[in-house]
Amino acid sequence: MLLSLACALGLFAVLGQSQNYPPADSLPVLSELPDPFLRSDGTRIRSKREWESQRKALLKTVLHYEYGELPPTPRTLKAEVLSTTAIEGVAGTEQEIRLTIGAKGGVSVQLLLAQPEGEGVHPVLITGDLNWGRIKPEIVREIVGRGYILAVFNREEVAPDNATREGVYRLYPNYDGGRLSAWAWGYHRVIDYLLTLPNVDAKHIGVTGHSRGGKAALVAGATDTRIALTAPNNSGCGGAGCYRLLNGRCEDITAILKNFPFWFAPHFNEFIGKVDRLPFDQHTLKAVVAPRALLSTEALGDIWANPKGTQSTYSATKEVFEFLGAGERIGIHFREGGHEHNLQDWKTLLNFADIQFFGKGDITAFHTLAFPDAEQGHTWQHPAK
Ligand code: GTR
């Protein structure tokens, strides 16, 4: 404990010396999950009041080292409704929309909006996974039947899933953040549009996505307080997983940066073989969402996504939520099976959203852990304990 505290203080002494972030080699080794309550001057925050500035500082650090900043917010956004059709089996319609984001021709993105019929406003769930195909009809029926709007956009039109500089990279030629930040920006632009619609419940907007889409949804939720619920599914390494605590044949920083360097900030690869020098881990990004609601949905057979390490970062993040008096706003759910975003995952998300948005249901199931022997990964506790 003493050792890790000394290391952490060492880190913040380094960070405190200048506004710039030192390179990986100059950062101290932190073997445990870094303390999210520790400020850059080496003191810990003590009151809830101090959380908002700490939250912003943590977010800046994570974006600097891991993902890169998000692109700027564009001044213009146009939407053209191309078609409206009835959804089979439920009282609702689906619209196909073309969003044009920004000037000079802009970024053109396909958006499908499945909406329940009826008066009043509706909560919304957004995913950027349209590039993987339409959401299955039974899932759309479930979401719309439960009174939610489903917004599905194609994140690969926002930024391609490779190193080519199309989409938002063409709109902002100097932009150098990674794809996960660019995709997160796509979620934010969809929200800009949704907030112009009369049937959207602005206070109840949730984001989700699967795997790399889940990583992007987590970055989106961490960087936009208009998002009331952030729900990455099977998001693993670079998402709700963990860099330090690895279990079995799961993805680590070396593997992810070998295959997908363009998902991250260009200098993140300095941490290959040095994850213990990261001044944060994924619990830090999850904590940045607090006190807004956060759910991770995991699959026990999806070893590559490190469900056990995800439980460890969940437990570390819960310290922050509890400190803020928001312990009921964080949840985790494990199902049997493998890497997919299936009907059960969506039902789990809807159940969690009903609790968070409308106080309907019981949170207990979302605090049930699957791995009693998972590493705690941290010795710090929240400051009010
Ligand atoms: C895998 C990758 C994961 C995950 C997944 C996906 O190949 O290693 O990080 O994001 O792809 O997006 O399906």
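Read the numbers this way: they start at 1 and go in the same order the structure lists the ligands and their atoms. Because the structure is predicted, anything quoted here is derived from the model rather than measured. Along the sequence shown, the residues carry numbers beginning at 1.
Ligand 1 places these atoms under 4.0 Å from at least one heavy atom of Trp304: 2 (C), 8 (O). Close approach to Trp263 involves these atoms of ligand 1, each under 4.0 Å from a residue heavy atom: 9 (O), 10 (O). Listed by atom number, the atoms of ligand 1 under 4.0 Å from Phe260 heavy atoms are 2 (C), 7 (O), 8 (O).
Within the structure, ligand 1 lacks His210 among the residues with a heavy atom less than 4.0 angstrom away.
Checking His339, Lys215, Glu251 against atom 2 (C) of ligand 1, the nearest heavy atom belongs to Glu251. Looking at Gly241, Ser211, Gly238 and measuring to atom 6 (C) of ligand 1, the nearest heavy atom belongs to Ser211.
Taking the six-membered ring where the residue is Trp, Phe271 and Phe268 present tilted rings, their angle falling between 30° and 60°.
Here Gln54 pairs with nothing under the side-chain hydrogen bond (donor to acceptor under 3.5 Å, both in side chains) rule; sequence neighbours left out. Shown here are the ring-ring contact (aromatic ring centres under 6.0 Å, His included) partners of Tyr193, two or more places apart in sequence or in another chain: there are none.
Taking the six-membered ring wherever Trp is involved, the centroid distance between the rings of His210 and His339 falls below 6.0 Å. Proximity of the aromatic rings of His267 and His64 is defined here by a centroid distance below 6.0 angstrom, and this criterion is met.
The protein non-hydrogen atom at the shortest distance from atom 11 (O) of ligand 1 is Arg212 NH2, 3.0 Å.
Of the residues listed (Gln282, His378, Lys286), the one engaging Thr313 in a side-chain hydrogen bond (donor to acceptor under 3.5 Å, both in side chains) is Lys286, and it is the only one.
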